[in-house]
Every structure is written in structure tokens, then in C-alpha cells.
Novice: 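To start, I am sharing the structure in question, which I have written as C-alpha cells.
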Amino acid sequence: MGKLYVVGTPIGNLGDMTFRAVETLKNVDFICAEDTRVTLKLLNHFEIKKQLICYQEHNAAKAGEQILARLIGGENAAIVTDAGMPCISDPGEKLVKLCAENDIKVEVVPGPSAVISALAISGLNTSRFRFEGFLSVNKRQRFDHLAQVRDAEETLIFYEAPHKLHKTLRDMLDYFGDRRISLCRELTKLHEEVIRTTLSQALEMYPDNKTAKGEFVLVIEGAAPEDTEEADTIEKAYEQVKALVEKGVRGTDACREIAKSTGFSKGELYAMLVEDNSR
């Protein structure tokens with residue numbers, strides 16, 4: 001029975017590649033990569049010649065079974081992602097799960113992580129945090145996600161692409177209010193930048209989807225303890241609906257989210273909103 005190595009790779013600076021990671025990639029029988037072209041550049045830099053197997057979201061089922069068969073046959077493999085730690089918001093988690101289900105040993109070779117790196121230099125609370133990955137482009141799923149973490153007191157960490165940054169900042173301001181945020185851009189690269197500001201000021205800095213450049217990690221202040229007070233009457237729940245609507249959230253979306261978090265009827269909340277608006 002072979003072994004799967006989960007190998008962290010640099011998130012921008014090749015100098016962050018560890019000796020152990022290089023030795024592991026040299027010694028395995030083959031390497032599973034998200035984008036073989038990106039990984040090939042890394043391997044060439046360190047003069048590593050190994051067979052590359054494409055392992056992505058769209059082929060995870062088929063490729064996973066092929067990889068599993070080779071591991072059962074006694075070969076050792078490594079899995080890497082384009083940058084950072086594989087299996088974090090990454091299809092590699094499916095391969096690790098497959099190995100666990102088949103009693104194949106999995107060993108981690110840790111490396112750089114954009115999540116932890118951004119948190120460490122954010123200037124925000126690092127004792128408790130939640131990594132939330134990317135927000136969905138689907139509007140309803142996106143709002144559901146923001147509503148679920150709105151009252152979390154832990155520091156929140158999201159990934160975001162530059163062309164979607166403006167919309168994300170706007171939606172976060174609507175749902176979270178004007179909290180502190182650290183925008184960590186191009187971590188470990190030549191133009192690394194950390195902007196410590198507020199959501200409203202960040203929105204002014206990036207007024208459209210054309211001004212941002214580079215990949216971002218967004219580290220956002222958690223909710224204040226008083227923000228988590230539960231609504232014990234429908235009137236209090238309705239006050240939360242109005243607060244969301246005042247921030248720009250659509251009435252139906254606000255009623256749905258508050259109904260979900262409080263247990264009160266969405267229909268009753270919406271009826272109160274309609275009646276209020278008709279006055």
C-alpha cells in the first residue's frame with residue numbers, strides 16, 4: 001500500500017518552498033496537480049522530473065479512482081495545488097477523503113497558507129477565526145452565506161478575485177455594517193500590500209470592478225457581542241429586517257434571512273414590511 005503526501009507550495013515567492021517539500025516531490029512516484037502547466041514550472045525550477053496527473057474539480061471522480069488504484073498498488077503520490085496548501089477550498093479534499101475511506105496513509109508536508117499569512121498581518125483578532133473561502137456568484141447562495149456568518153464574533157476570512165472585489169465589499173457592507181477590514185493583496189509577491197481600513201472606506205477605494213489588481217484575502221472584524229442578541233418577539237425580529245433593508249438588502253431577502261435566524265415566519269415579517277411601507 002502506498003502513501004499520499006499533501007504538499008504545500010509557495011503562494012507567490014519561490015523562496016518559501018521548503019527542503020522537505022522538494023525532497024518529497026523528488027521521491028514520490030507521481031504528482032497530482034490542479035493545473036499541470038503551473039506545477040510544471042515549479043518542478044522545472046527545482047529540477048524535479050516526475051509524472052504529473054491532472055486532478056481538478058471536473059475530473060475528480062474519474063482521476064481519483066485511477067490515483068487510488070495506483071496507491072493501493074504500492075506507489076506513493078503527492079498532491080499539490082497551484083499555490084499554497086492543497087485540500088483547503090480545493091478538490092484535493094476529495095482525494096484525501098477517498099484515501100481515508102480506503103485506509104491509505106496520508107501525510108502532510110506543510111507549507112505557506114494565504115489564510116494564515118493574511119490573518120497574521122491583518123492587525124485584527126487572531127485568537128478565533130473562521131475561514132469562509134469564496135462567496136458564491138449565485139445571488140441567493142451568496143446572501144445566505146453572508147447571513148449565516150453575520151453574527152459570528154470570530155474574525156472572518158474570505159478569498160476574492162479582483163474583478164469581483166467591488167461587489168463583494170458592497171454586499172459585506174450591507175450585511176455586516178461598517179466593520180474593520182484588512183485587504184491583503186498579492187501575499188509574498190513583489191507587490192504585496194496590506195490595506196487596513198473599514199468596509200465603507202474600502203468600497204470608496206475600489207468603486208468598480210476595474211480598479212483592483214491581484215488576488216485578495218479579506219480579513220474582517222467579527223461581530224460585536226451585542227450584535228448577537230436574540231430576537232424573542234416578532235417585533236424585535238422585524239427591527240432586524242428593517243436594519244438590513246436600510247443597508248440596501250432587498251425586503252424579501254431580509255425577511256428570509258431574519259426568519260431563518262430567529263424562527264419567526266417569513267410571511268409575517270414580510271407582511272409587516274409591506275404594511276410599514278404603505279404608511
Side-chain angles (χ1 to χ4, degrees), residues 34 56-61 81-82 84-97 113-115 118-119 128-179 181-184 199-200 202-203 206 208-210 212 215-223 227-228 230-231 237-238 240-270 273:
E34 182 180 9
Q56 299 175 333
E57 186 68 45
H58 75 273
N59 75 338
T81 188
D82 290 350
M85 284 300 298
C87 312
I88 308 297
S89 279
D90 175 83
E93 67 175 301
K94 296 179 180 178
L95 185 57
V96 171
K97 182 180 179 182
S113 165
V115 175
L119 178 65
R128 295 179 61 199
F129 63 93
R130 292 174 58 161
F131 172 56
E132 297 294 330
F134 286 97
L135 287 172
S136 172
V137 294
N138 178 281
K139 191 173 182 179
R140 180 166 183 174
Q141 293 176 3
R142 184 183 187 86
F143 289 164
D144 282 346
H145 191 166
L146 290 171
Q148 287 169 11
V149 300
R150 179 182 57 225
D151 294 331
E153 295 180 27
E154 301 92 341
T155 299
L156 303 173
I157 307 174
F158 292 85
Y159 284 157
E160 195 49 278
H163 65 279
K164 294 188 291 184
L165 181 65
H166 169 78
K167 177 175 175 57
T168 292
L169 291 173
R170 186 187 65 202
D171 291 343
M172 287 178 170
L173 181 60
D174 288 342
Y175 271 81
F176 299 156
D178 199 14
R179 299 186 194 175
I181 180 174
S182 287
L183 299 94
C184 304
L199 280 166
S200 62
L203 198 55
Y206 297 101
D208 54 52
N209 286 327
K210 299 178 182 178
E215 298 300 317
F216 285 80
V217 183
L218 308 178
V219 187
I220 304 160
E221 182 178 34
D227 290 343
T228 62
E230 293 185 6
Y238 179 59
Q240 294 183 15
V241 169
K242 288 199 297 183
L244 283 182
V245 171
E246 288 172 2
K247 292 175 182 177
V249 179
R250 284 197 320 168
T252 52
D253 292 330
C255 291
R256 184 182 71 249
E257 301 309 336
I258 298 304
K260 185 183 297 184
S261 63
T262 63
F264 289 104
S265 166
K266 173 188 171 183
E268 286 184 272
L269 291 170
Y270 188 69
L273 183 63

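Values below: all heavy atoms of this structure, side chains included; hydrogens, waters and symmetry mates excluded. From a predicted model like this one, the values you see are computed outputs, not experimental measurements.
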Novice: Would you call Asp174 and Arg170 a salt bridge, taking side-chain N to carboxylate O under 4.0 Å as the test?
Specialist: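 Looking at Arg170 together with Asp174, the answer is no, because their closest N to O distance does not fall below 4.0 Å.
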Novice: Assess whether atom NZ of Lys260 is packed by more than 12 heavy atoms of other residues, nucleotides or ligands within 6.0 Å.
Specialist: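 It does: Lys260 NZ has more than 12 such atoms within range.
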Novice: Can you check whether Ser136's main-chain N or O pairs, donor with acceptor, with Arg142's side chain at less than 3.5 Å?
Specialist: yes
Novice: Atom OH of residue position Tyr270 - does it have more than 12 heavy atoms of other residues, nucleotides or ligands inside 6.0 Å?
Specialist: no
Novice: Under a 4.5 Å cut-off applied to non-hydrogen side-chain atoms, are Arg130 and Ile157 in contact?
Specialist: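 Side-chain contact under 4.5 Å: no.
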Novice: Kindly compute the distance separating CZ (Phe216) from NZ (Lys164), expressed to the nearest 0.5 Å.
Specialist: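 These two atoms lie 13.5 Å from each other.
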Novice: Evaluate the side-chain contact (heavy atoms from CB on, under 4.5 Å) criterion for residues Leu135 and Gln141: first the C-alpha distance (whole Å), next the side-chain angles of each, then the deciding distance (0.1 Å), finally the verdict.
Specialist: CA-CA 8 Å; Leu135 287 172; Gln141 293 176 3; over 6 Å; no
Novice: Under the 3.5 angstrom rule, does the side chain of Asn59 hit a backbone N or O of Gln56 as a donor-acceptor pair?
Specialist: yes
Novice: Run the salt-bridge test on Arg179 and Glu221 with the 4.0 Å N-O cut-off and return the result as yes or no.
Specialist: no
Novice: Could you go step by step and tell me if Leu165 and Leu183 meet the side-chain contact (heavy atoms from CB on, under 4.5 Å) rule?
Specialist: CA-CA 10 Å; Leu165 181 65; Leu183 299 94; 4.3 Å; yes
Novice: Which pair of heavy atoms, one from Leu244 and one from Ala254, lies closest together, and at what distance?
Specialist: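 So the minimum-distance heavy-atom pair works out to CB-CB, 3.8 Å.
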Novice: Does the side chain of Leu203 reach to within under 4.5 Å of the side chain of Met172, using non-hydrogen atoms?
Specialist: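 The answer is no; the side chains never approach within 4.5 Å.
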Novice: Determine yes or no for a side-chain-to-main-chain donor-acceptor pair under 3.5 angstrom, with Asp90 supplying the side chain and Cys87 the backbone.
Specialist: yes
Novice: What is the distance from atom CG of Leu156 to atom CG of Leu218, rounded to the nearest 0.5 Å?
Specialist: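 If we round to the nearest 0.5 Å, Leu156:CG and Leu218:CG are 10.5 Å apart.
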Novice: Locate the shortest heavy-atom distance separating Ala202 from Ile181; write the atom from each residue and the value.
Specialist: CB-CG2, 4.3 Å
Novice: What about Phe158 and Phe131, are their ring centers closer than 6.0 Å?
Specialist: no
Novice: Measure across Glu215 and Ala161 and return the closest heavy-atom pair with its distance rounded to 0.1 Å.
Specialist: OE1-CA, 3.8 Å
Novice: Is the shortest distance from a Lys or Arg side-chain nitrogen in Glu57 or Lys94 to a carboxylate oxygen in the other one below 4.0 Å?
Specialist: yes
Novice: Which value, rounded to the nearest 0.5 Å, describes the distance between Glu132 atom CD and His145 atom NE2?
Specialist: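 If we round to the nearest 0.5 Å, Glu132:CD and His145:NE2 are 3.5 Å apart.
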Novice: Enter the distance from His166:NE2 to Glu160:CD here, rounded to the nearest 0.5 Å.
Specialist: 12.0 Å
Novice: Determine, stepwise, if the pair Leu119 / Val115 fulfils side-chain contact (heavy atoms from CB on, under 4.5 Å).
Specialist: CA-CA 6 Å; Leu119 178 65; Val115 175; 5.7 Å; no
Novice: If you look at every heavy atom in Met85 and Ser113, which pair is closest and at what distance?
Specialist: CG-CB, 4.5 Å
Novice: Nearest 0.5 Å, what's the CG-CD1 distance between Leu269 and Ile258?
Specialist: 8.0 Å
Novice: Taking Ser265 for its side chain and Glu268 for its backbone only, find out whether a donor-acceptor pair lies under 3.5 Å.
Specialist: yes
Novice: How long is the span from the CD atom in Glu257 to the CZ atom in Arg140, to the nearest 0.5 Å?
Specialist: 8.0 Å
Novice: Compare all side-chain heavy atoms of Val219 with those of Thr155 and state whether any distance is below 4.5 angstrom.
Specialist: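 Contact flag for Val219/Thr155 side chains = yes.
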Novice: Inspect the contact between Lys139 and Asp253 and indicate whether a charged nitrogen and a carboxylate oxygen are less than 4.0 angstrom apart.
Specialist: no
